[in-house]
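Contents: one structure, followed by commentary.
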Amino acid sequence: MLKYVSWSCVVSNSYYSQCVPSSSGSSGTSTSSASTPSLTGIAATAPTTPPSKLTGMLPALGWNHWNAYGCSINETKVIAAANDFISLGLQDAGYEYINIDDCWPLMQRDATTKQIVPDPSKFPNGISGVAIQVHALGLKIGIYSDAGTATCAGFPGSLGMESLDAETFSSWGIDYLKYDNCNVPANWTDNSTPQDGDWYNSNSAIRYRQMGAALAEQSRPFQFDLCIWGSANVWDWGARVGHSWRMSSDSAPTWQYITEIIGINVQHLSSIDFFSHNDMDMMEIGNGALTIEEQRTHFAAWVFLKSPILLGTDLSLLNSTQISIITNPELLAFSQDATVGTPAAPFNATASMPITSTPEYYSGESSKGVHVFIINTSSSSALKSFAFANVPGLSGSAFVIHDMWTGTDLAGTYSSSSTFSVTVASHDTVAYRISSS
């Protein structure tokens, strides 16, 4: 269960080495591990390499195999997902990453090279062979590892092997690394208070900093996702290490999960901007018993909070309504806006607006204008209202409302002193762009 927080709208390791590269690579970053006088132990010499600026500016759009297949993954399923990107119009909509999660290697590293070895029964052409096929489609490929001694499913982890693994992944043509947080040795756990009161100096952050520095040494840029489950105040330092960071443990195809992760994420919106994204976890559209309205909210919230969107289902089973949700051009344009990197945020829609544990009213800006998103968290349809005068960033005397879901303007115009009301279905989200008339 996620830690739930309500929201109001008032505004030297004995066994595992520390891998610290010493020279800069060609991925747009430089490596530094100079000793910091006020720090002691591993924190004094841990690398301070920033993530590449050649990738990760906008929230990643892609697919991850885990929610669909778990450990039952193989080359055929990965290539099928890549082909589905083409046939279903996902690539045209902006999706680009085909990401392999846990369970892809053998249980033991190569005895001679110490490299992680792809399971030949699952990937007979190796990961490099899959990467060639994915790249040939104009897509990118991601891989999974863990900042511990083993992955969550017990396969080899990368702690202490960062440089070798980063070099291996690069040689295979990998573009994206999801880096998990399982099987952390006791001597790598965190103290209750990090050195200098900065969680960037915590053991957790250093485990990820070591891999970040190793990735920076490679000849190709990596998008780096820190799958750290919202621990160690990652929202405070994640952008100094990677491009996105998980805000919770595992997702679930339930309305409760969707509202809980929104409630967690809205507490840390100041962390979100270009190259800096709170990861609300993989999408559950197509999984479980979510209603279409709940799936619309799931997608819309990930969009307006600028989370990575990694689809997590058998894409071939999606129906036309689900495909229309995840390829909606106007919502995706808000997510992928190259002018405004900040997310929408809760606002006080009216003076009498009720306070809900999960905020219902959000406003944000894009290169297209000012947007309002409204979630109905109740179990029945409800009338939702906002005063134009209360919408942050809105100026003018008369306005037109544009429905982002349908791509059409609503009838009529509205004055700056008026209030707009709409009936929203249970657990649904409406999405509007407001412009001067």
Side-chain angles (χ1 to χ4, degrees), residues 12-22 31 33 39-49 51 66 100-118 127 142-172 174 176-191 194-195 199-218 222-234 237-238 240-246 249 279:
S12 150
N13 192 324
S14 301
Y15 303 103
Y16 300 93
S17 63
Q18 175 194 358
C19 300
V20 185
S22 59
T31 300
S33 58
L39 301 176
T40 62
I42 195 170
T45 57
T48 58
T49 315
W66 187 257
I100 301 169
D101 207 283
D102 206 349
C103 303
W104 58 267
L106 294 175
M107 278 292 184
Q108 301 296 326
R109 290 175 175 268
D110 184 276
T112 302
T113 67
K114 306 303 180 186
Q115 290 180 323
I116 301 178
V117 181
I127 300 300
I143 201 70
Y144 167 100
S145 192
D146 189 282
T149 58
T151 70
C152 298
F155 295 87
S158 291
L159 183 62
M161 304 294 286
E162 293 91 347
S163 290
L164 176 61
D165 290 351
E167 181 180 358
T168 301
F169 299 154
S170 180
S171 73
W172 291 343
I174 297 299
Y176 180 112
L177 175 63
K178 172 184 174 180
Y179 204 42
D180 220 333
N181 194 36
C182 283
N183 295 302
V184 179
N187 57 335
W188 274 100
T189 55
D190 292 326
N191 296 319
Q195 293 188 52
W199 283 95
Y200 181 70
N201 299 320
S202 67
N203 285 346
S204 287
I206 291 169
R207 287 185 290 114
Y208 284 85
R209 286 161 62 182
Q210 291 181 172
M211 179 54 85
L215 295 175
E217 289 298 301
Q218 307 311 312
F222 280 78
Q223 185 154 172
F224 189 24
D225 180 61
L226 320 178
C227 188
I228 195 173
W229 316 334
S231 63
N233 287 22
V234 63
W237 53 266
R240 299 167 67 182
V241 180
H243 302 97
S244 59
W245 40 91
R246 278 273 295 278
S249 55
D279 182 354

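Side-chain atoms are counted along with the backbone in the values below, which use heavy atoms only and exclude waters and symmetry mates. All of these numbers come straight from a predicted model, not from anything done at the bench.
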Interatomic distance, Ser158 atom OG to Arg207 atom CZ [nearest 0.5 angstrom]: 12.0 Å
SB check Asp165 Arg109 (cutoff 4.0 Å): yes
Test item: Met211 and Leu226 side chains (from C-beta on) under 4.5 Å apart, heavy atoms: no
Under 3.5 Å donor-acceptor, Thr168 side chain and Leu164 backbone: yes
Nearest heavy-atom neighbours spanning Gln195 and Ala43: NE2-CB, 3.6 Å
Nearest-0.5 Å distance, CZ of residue Arg246 to OG of residue Ser231: 11.0 Å
Donor-acceptor contact below 3.5 Å, side chain Asp190 vs main chain Ser204: yes
Min side-chain heavy-atom separation Asn203-Ile42 under 4.5 Å: yes
Among Ile100, Asp225, Asp180, the one residue meeting side chain to side chain contact (heavy atoms under 4.5 Å, CB included) with Tyr144: Asp180
Student check: side-chain heavy atoms of Phe169 and Phe222 closer than 4.5 Å: yes
Output field: ring centroids Trp172/Trp104 closer than 6.0 Å: yes
4.5 Å side-chain heavy-atom contact, Leu177 and Leu215: yes
Distance (rounded to the nearest 0.5 Å) between Cys227 SG and Asp102 CG: 10.0 Å
Aromatic ring pairing Tyr179/Phe224, orientation class (parallel under 30°, perpendicular over 60°, tilted between): tilted
Trp199 vs Val234 side-chain heavy atoms within contact, under 4.5 Å: no
Gln223 side chain to His243 backbone, donor-acceptor under 3.5 Å: no
Asp146 (side chain) donor-acceptor with Cys182 (main chain) under 3.5 angstrom: yes
Val241 side chain near Tyr200 side chain, heavy-atom distance below 4.5 Å: yes
Backbone of Asn183 reached by a side-chain donor or acceptor of Thr149 within 3.5 Å: yes
Interatomic spacing from CZ in Arg209 to OG1 in Thr48 - rounded to 0.5 Å: 6.5 Å
Sub-4.5 Å side-chain heavy-atom contact between Asp279 and Lys178: no
Gln210 (side chain) donor-acceptor with Tyr208 (main chain) under 3.5 angstrom: no
